[in-house]
There are 2 protein chains.
Amino acid sequence: MTTTAQQVLLKQRPVGLTDEQTWEYVSTELPALEDGEFLIKVDYLSMDPAMRGWLNDVRSYVPPVQIGAVMRAFGIGTVTESRHEQFAVGETVMGIFGATDHVISTGKDVTRADLAVAAAPTWLGTLGMPGMTAYFGLLEVGKVTSGDTVVVSGAAGAVGSVVGQIAKAKGATVIGIAGGPQKCQWLTETLGFDAAIDYKNESVSRRLREIAPTGINVFFDNVGGEILDAALANLTLGARVVICGGISAYNESKLPPGPSRYMSLLVFRATMTGFLVFDFEDRYPEAVTQMSSWLEDGTLIPREQVVEGGIAAFGDALQLLFTGGNTGKLVLRV
Amino acid sequence: MTTTAQQVLLKQRPVGLTDEQTWEYVSTELPALEDGEFLIKVDYLSMDPAMRGWLNDVRSYVPPVQIGAVMRAFGIGTVTESRHEQFAVGETVMGIFGATDHVISTGKDVTRADLAVAAAPTWLGTLGMPGMTAYFGLLEVGKVTSGDTVVVSGAAGAVGSVVGQIAKAKGATVIGIAGGPQKCQWLTETLGFDAAIDYKNESVSRRLREIAPTGINVFFDNVGGEILDAALANLTLGARVVICGGISAYNESKLPPGPSRYMSLLVFRATMTGFLVFDFEDRYPEAVTQMSSWLEDGTLIPREQVVEGGIAAFGDALQLLFTGGNTGKLVLRV
């Protein structure tokens, strides 16, 4: 018995935003399982801003997705058939399965998810890569401590919303920067942020001066561009700027100018550090344990936005990340 | 008996490069000494790129020089008259004396220099602020270790030339970036740098790829602009970028774009840190001891360029820093 997989291939590298020319949707006959393999029915795909970067043919922290290859994507699914000793039918598993509804795996880099702890989409969000990114980025790179003023950009996104909540749990004053009054209201009223700045309708730099007059201790940046500059202008002595992403530039065909205020690092004796969550892989279990307990006691409020439509909706779902269309973790129900 | 001091006052804040409109040269009658004061005849003034920043009316790590005030300057001089118990006539002293040939001091923030250890200009260079800056910036911020590839910009300048030599002493491979074949030749042939890149005649990025194919561990930046970007594009995992200065922008009337390659910090899990030497003041004696012994055993070769003409030449001397006109530490003989 064979399985037909619905897959998204990279057809053409985009210039700027992805569009219908970027993707090819195909049906692929998967081979029969061999010993040591198992079949996964993918239930949800994680939709990540980083995906845009994986499409560019440049040297980066992972190789670019090749033309004609299945698009790289993190997912969660169910083992539906197995000739593998350690993975049994019915188990819930996570890994880089690609943009596909079925995939054959050898178990390499596949981990298990306990749906009794959290629902599948949460395993792609707060307990997944975005949650791990927030946890290690804020605690290990940002070195947040009680009393710090923490500012996070992309604050209503998958990573940012968790960053702010962990910072609150650690006793920091938290300011989120997000686009639009609804997201800002969600940050302060539901997630308990101390303040939120609506970058679409307010001057970020002026508002930071008002809300954080003594300056920022930790700036966790997912956005780049003018927002990064506004934060750099408002640091305090010994500040830590954590570079997690720069979504404002991901769809630019030419590299935009960098932060003109970078010399603030000297004025404030501050540090700007880039990191990748993969470097903390050994410590994911520790973070999952901590985050699970925070989910259980209500310290962390998870939020996922589930896009329906299956694999065919992949391209449209990705756009939401770059048009301000999502709040919390964006996932595609396969 | 009173003394007439020849002084340089800030007349008008410059836009872009300083010019004759910037300064006013005056003779000022100093009052007679009171108890607890002493008179210093200034022998040499330290000419520093940072001076340009002190002229801008912006919030920075020190207050701007006020219109009508004596220009801030570090100097070395001789006590010629004293009513102070701890400073005797004939002693050589250093401090922020201002752009003047005589100054009255209470001894606050004044230190002594031993001319048996090094000549006065060297006390403003290798054993002065530039040397301290190189020492703590490279060792404490850059955390250089044996086997590192260290790249320094402004390599033929007061700080850069010392950075490279200390890096060599620590077992690093050292590449200097400087303007013009003569400076580059001095770096490799006299100072023992492993390589030098002439940014005026070579592509810095291409040359870095060629000379440092496995990437840069420590980039010590005095320049900013395109050179910083070229270095960011050629880092290696865990690199440290030390922001010491950004002379390429000091005379810009508008803040130029920042490093467009700053996301390299993420790709390479690298850190960009700004620092000010003043934060290491407690540890200057340790550095002076170490650097003196390196001067004695030939590990460090000092170089100063002495401008003649006294206080009246202050404005012209400052220009040399921004036109590539100096090699090593620039000082003005008063």
Side-chain angles (χ1 to χ4, degrees), chain A residues 50 53 56 58-62 133 136-137 140-141 143 209 215 221-226 228-229 232-235 237-250 252 254-280, chain B residues 50 53 56 58-62 133 136-137 140-141 143 209 215 221-226 228-229 232-235 237-250 252 254-280:
Chain A
N56 296 333
V58 294
R59 180 183 168 209
S60 189
Y61 61 93
V62 288
T133 301
F136 292 106
E140 297 299 320
V141 187
K143 299 185 194 308
R209 268 199 304 280
D221 193 26
N222 296 300
V223 171
E226 290 174 17
L228 172 54
D229 262 327
L232 285 170
N234 289 283
L235 300 180
L237 279 186
R240 286 84 69 199
V241 177
V242 181
I243 301 297
C244 176
I247 196 169
S248 67
Y250 287 177
E252 300 290 333
K254 248 191 78 186
L255 213 52
S260 56
R261 295 269 180 197
Y262 83 99
M263 286 290 285
S264 280
L265 297 177
L266 185 151
V267 174
F268 296 112
R269 290 78 145 173
T271 285
M272 185 152 96
T273 306
F275 81 105
L276 280 172
V277 67
F278 310 118
D279 294 337
F280 296 94
Chain B
N56 296 332
V58 295
R59 180 182 169 212
S60 189
Y61 61 95
V62 288
T133 301
F136 292 106
E140 296 300 320
V141 186
K143 298 185 197 307
R209 268 199 304 282
D221 193 26
N222 295 299
V223 172
E226 290 175 16
L228 173 54
D229 262 327
L232 285 170
N234 288 283
L235 300 179
L237 279 186
R240 287 84 71 200
V241 177
V242 181
I243 301 296
C244 176
I247 197 170
S248 67
Y250 288 177
E252 300 290 332
K254 247 192 78 186
L255 213 53
S260 57
R261 295 268 179 197
Y262 82 99
M263 286 290 285
S264 280
L265 297 177
L266 185 150
V267 174
F268 296 111
R269 290 77 146 174
T271 286
M272 186 151 96
T273 307
F275 80 105
L276 280 172
V277 68
F278 312 118
D279 294 339
F280 296 94

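Atom set for the values below is all heavy atoms of this structure, side chains included, hydrogens, waters and symmetry mates excluded. Proteins come first, then strands; the chains are lettered A, B, ... in the order of their sequence lines, and each starts at number 1.
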**Study point:** From A:Met272 atom CE to B:Thr273 atom OG1, the distance as rounded to the nearest 0.5 Å
**Key:** 10.0 Å
Check your understanding: Where do A:Arg59 and B:Leu235 come nearest, in terms of heavy atoms and distance?
Key -> NH2-O, 4.4 Å
Study note, to complete from the structure: dist A:Arg269:CZ -> B:Phe278:CZ (nearest 0.5 Å) comes out at 8.5 Å
Study note, to complete from the structure: Cut-off 4.5 Å, heavy atoms of chain B, and the answer for A:Ala233 is backbone
Practice item. Could you tell me which portion of A:Asp279 (side chain, backbone, both or neither) has an atom closer than 4.5 angstrom to a non-hydrogen atom of chain B? Key: side chain
Check your understanding: Which bit of A:Leu237 is near chain B, if near means a heavy-atom gap under 4.5 Å: side chain, backbone, both or neither?
Key -> neither
Revision key, fill the gap. Heavy-atom closest pair (A:Gly225 atom, B:Tyr262 atom, distance to 0.1 Å) is N-OH, 4.3 Å
Check your understanding: Among B:Leu265, B:Leu228, B:Val241, B:Asp229, which residue forms the greatest number of heavy-atom pairs with chain A at distances under 4.5 Å?
Key -> B:Leu265
Point to revise | Heavy-atom neighbours of A:Glu226 CD exceed 12 at 6.0 Å | key: no
Review point. Could you state the interatomic distance from OG1 (A:Thr271) to CZ (B:Arg240), rounded to the nearest 0.5 Å?
Key: 12.5 Å
Check your understanding: How many angstroms lie between OG in B:Ser264 and OH in A:Tyr61, if you round to the nearest 0.5 Å?
Key -> 13.0 Å
Exercise for review: Test side chain to side chain contact (heavy atoms under 4.5 Å, CB included) on A:Leu266 and B:Leu276 and set out the steps.
Suggested key: CA-CA 7 Å; A:Leu266 185 151; B:Leu276 280 172; 3.6 Å; yes
Point to revise | Which of B:Val141, B:Val242, B:Val267, B:Val62 touches chain A most, by non-hydrogen pairs under 4.5 Å | key: B:Val267
Point to revise | Heavy-atom closest pair, residues A:Pro256 and B:Ser260 | key: O-CB, 3.1 Å
